[in-house]
Amino acid sequence: MEAACEAAKAGDWEELKRMVADGADVTCFDGEGKTPLMYAAERGNAEAVELLLRAGAPWNALSPSGLSAGDFAMDNAHQEAFDVLLNAVARQTNKNGSDSSEDYLKERVAFSEDRLMDSDSKAVMMAWEKPLMEAHARAICSGGGGSILNIGFGMGLIDTAIQQHTPVKHTIIEAHPEVYDRMLRSGWGEKDNVKIIFGRWQDVLSQLESYDGIFFDTYGEYYEDMREFHQHLPVLLKPGGIYSYFNGLCGGNAFFHVVYCQLVALELGNLGYSTQFIPLPVKDCLEEKIWEGVKHKYWQLDTYYLPLCQSSCDPE
């Protein structure tokens, strides 16, 4: 066993502190597959957690059972240690990749009854999301459903649900040429209250107006892209309007998912919006048969937290 792991497992924090000062390896795993940071988080020693993070301990390392240091802190109700980890992730999280969206838009996609797949057998959207999309539609149309904007058509689940609320104007942005073509062949361009804009949202901002409700669900983009979109909300969203997005950030790990929820809420708060997360049970989607043939299982949690974002000030 690595010395740092041994000291952390024994709870010998003074010895661990000395080892860190001497340059000990803090990225090590012991025979149980746990790191010094996991032990510190599990025991709730916030000071040791911070010390190890500063020394380069990986906050995103996982134990054999798929648990991170954040999970160990949460499972043992160590709020202070959890907050230290949360702040560390907030500091370190940045753009992950650069050209995935452009690659996706050049690829062929495959449609079936229960999923839309990219050329690498990864799911763009799946039918299990339908109840979530219906909940999102109710949220963004709750102000009367006047003028609604959706970014990312996919299988059309959210837009079909939006139509049930008979919005006065329903604008849809879709960037993938095959999905756009399928939309037209399915009659979406013939609906009186629907306006379709073909292109990446970054390229069609000048064609947009202001809306009572906005939903954001793109594919092949990253957290940084959504952050960029949020900078436009003060112009795109009417005072008192509702904004929501598909909350799939780090949907495979409870700790990282909470981290991103906190990050987005903080970011939107800085823009003048308050965000609440509505818990929705989604245990049925965890069945293995649902994911057969899908290369990446993008959701593995039993609860989905639907974001509901609104101006923190009442409209004048």
Side-chain angles (χ1 to χ4, degrees), residues 93-130 132-133 136 149-162 170-190 194-208 214-230 232 244-253 256-257 260 282 285-286 288-301 304:
T93 301
N94 52 27
K95 190 172 183 179
N96 177 22
S98 58
D99 59 358
S100 181
S101 176
E102 295 181 5
D103 290 344
Y104 162 65
L105 297 179
K106 297 174 184 176
E107 297 173 351
R108 298 296 302 271
V109 294
F111 293 89
S112 66
E113 184 177 346
D114 64 346
R115 63 189 64 176
L116 167 60
M117 306 283 283
D118 70 10
S119 61
D120 195 30
S121 296
K122 294 179 181 177
V124 177
M125 178 171 274
M126 299 178 68
W128 71 262
E129 298 177 31
K130 183 179 178 182
L132 302 183
M133 295 299 108
H136 277 290
L149 170 66
N150 172 44
I151 301 175
F153 181 81
M155 294 173 65
L157 299 179
I158 181 71
D159 292 295
T160 298
I162 288 171
H170 179 182
T171 301
I172 306 169
I173 298 175
E174 175 54 51
H176 197 287
E178 287 186 56
V179 176
Y180 173 69
D181 181 63
R182 187 181 177 90
M183 289 177 67
L184 297 182
R185 288 187 284 107
S186 299
W188 280 91
E190 300 167 15
V194 171
K195 176 183 179 181
I196 301 173
I197 300 177
F198 175 62
R200 298 170 66 242
W201 64 264
Q202 297 92 332
D203 300 328
V204 300
L205 286 168
S206 63
Q207 300 179 47
L208 304 182
I214 299 176
F215 184 66
F216 184 87
D217 184 13
T218 60
Y219 182 76
E221 293 192 331
Y222 300 99
Y223 174 64
E224 195 72 13
D225 297 292
M226 188 169 73
R227 288 187 65 195
E228 180 186 345
F229 176 74
H230 289 166
H232 300 282
S244 192
Y245 60 90
F246 181 69
N247 193 12
L249 294 164
C250 286
N253 181 277
F256 298 147
H257 185 61
Y260 274 109
V282 289
C285 79
L286 303 181
E288 289 301 321
K289 63 181 181 180
I290 291 179
W291 298 92
E292 289 178 0
V294 178
K295 187 173 181 179
H296 173 58
K297 191 174 181 180
Y298 60 84
W299 188 263
Q300 302 177 48
L301 308 177
Y304 176 84

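- You'll find the side chain of H230 stays beyond 4.5 Å of the side chain of F216, heavy atoms only.
- Inter-residue side-chain proximity for H136 and D217 is flagged as unmet; no heavy-atom pair is nearer than 4.5 Å.
- To the nearest 0.5 angstrom, E107 atom CD is 7.0 Å from H176 atom NE2.
- For L301, the side chain to side chain contact (heavy atoms under 4.5 Å, CB included) partners are A254, H257, W299, not counting sequence neighbours.
- A 4.5 Å side-chain heavy-atom check between I290 and D114 finds every atom pair outside the cut-off.
- Note that OH of Y180 and CZ of R185 are 12.5 Å apart. Values are rounded to the nearest 0.5 Å.
- Residues K289 and E292 are not paired through a salt bridge, judged by the lack of any N-O separation under 4.0 Å between the basic side chain and the carboxylate.
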Only distances under 3.5 Å count here; give the side-chain donor-acceptor pairs of residues 150-162 to other protein atoms, sequence neighbours excluded, each with its distance to 0.1 Å.
unit_1 : atom_1 : unit_2 : atom_2 : d
N150   : ND2    : G152   : O      : 3.1
N150   : ND2    : D159   : OD1    : 3.2
N150   : ND2    : D159   : OD2    : 2.7
D159   : OD1    : H170   : NE2    : 2.7
T160   : OG1    : G156   : O      : 2.8

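- Listed by chain and number, the residues in a side chain to side chain contact (heavy atoms under 4.5 Å, CB included) with R115 are S112, M117, M126, V294 (sequence neighbours excluded).
- Under the rule for a side chain to side chain contact (heavy atoms under 4.5 Å, CB included), the partners of K122 that lie at least two apart in sequence or sit in another chain are D118, D120, Y219, K295, H296.
- We find the CD-CG distance between E174 and D181 to be 11.5 Å, quoted to the nearest 0.5 Å.
- Annotation: K130, atom NZ; neighbour count of heavy atoms from other residues, nucleotides and ligands within 6.0 Å does not exceed 12.
- Contact annotation: the side chain of L116 approaches that of V179 to within less than 4.5 Å [non-hydrogen atoms, C-beta and beyond].
- Atom CZ of R108 has 12 or fewer neighbouring heavy atoms from other residues, nucleotides or ligands inside a 6.0 Å radius.
- Residues forming a side chain to side chain contact (heavy atoms under 4.5 Å, CB included) with V204 (at least two apart in sequence, or on another chain): I173, I197, Q207.
- Contact of the W188 side chain with the R182 side chain is not registered, since no non-hydrogen atoms from C-beta on lie closer than 4.5 Å.
- One finds the CG atom of D225 at 6.5 Å from the CH2 atom of W201 (value rounded to the nearest 0.5 Å).
- Side chains of I214 and F229 form a contact here, defined as non-hydrogen atoms less than 4.5 Å apart.
- Taking 4.5 Å as the limit, every side-chain heavy atom of E228 sits out of range of all side-chain heavy atoms of E221.
- By the 4.0 Å N-to-carboxylate-O rule, E288 lies close enough to K297 to be salt-bridged with it.
- The structure places CZ of F198 at 9.5 Å from CG of L184, a figure rounded to the nearest 0.5 Å.
- Put simply, the side chain of Y304 gets close to the backbone of N247: a donor and an acceptor are under 3.5 Å apart.
- Applying the side-chain hydrogen bond (donor to acceptor under 3.5 Å, both in side chains) criterion to W291, with sequence neighbours excluded, gives no partner residue.
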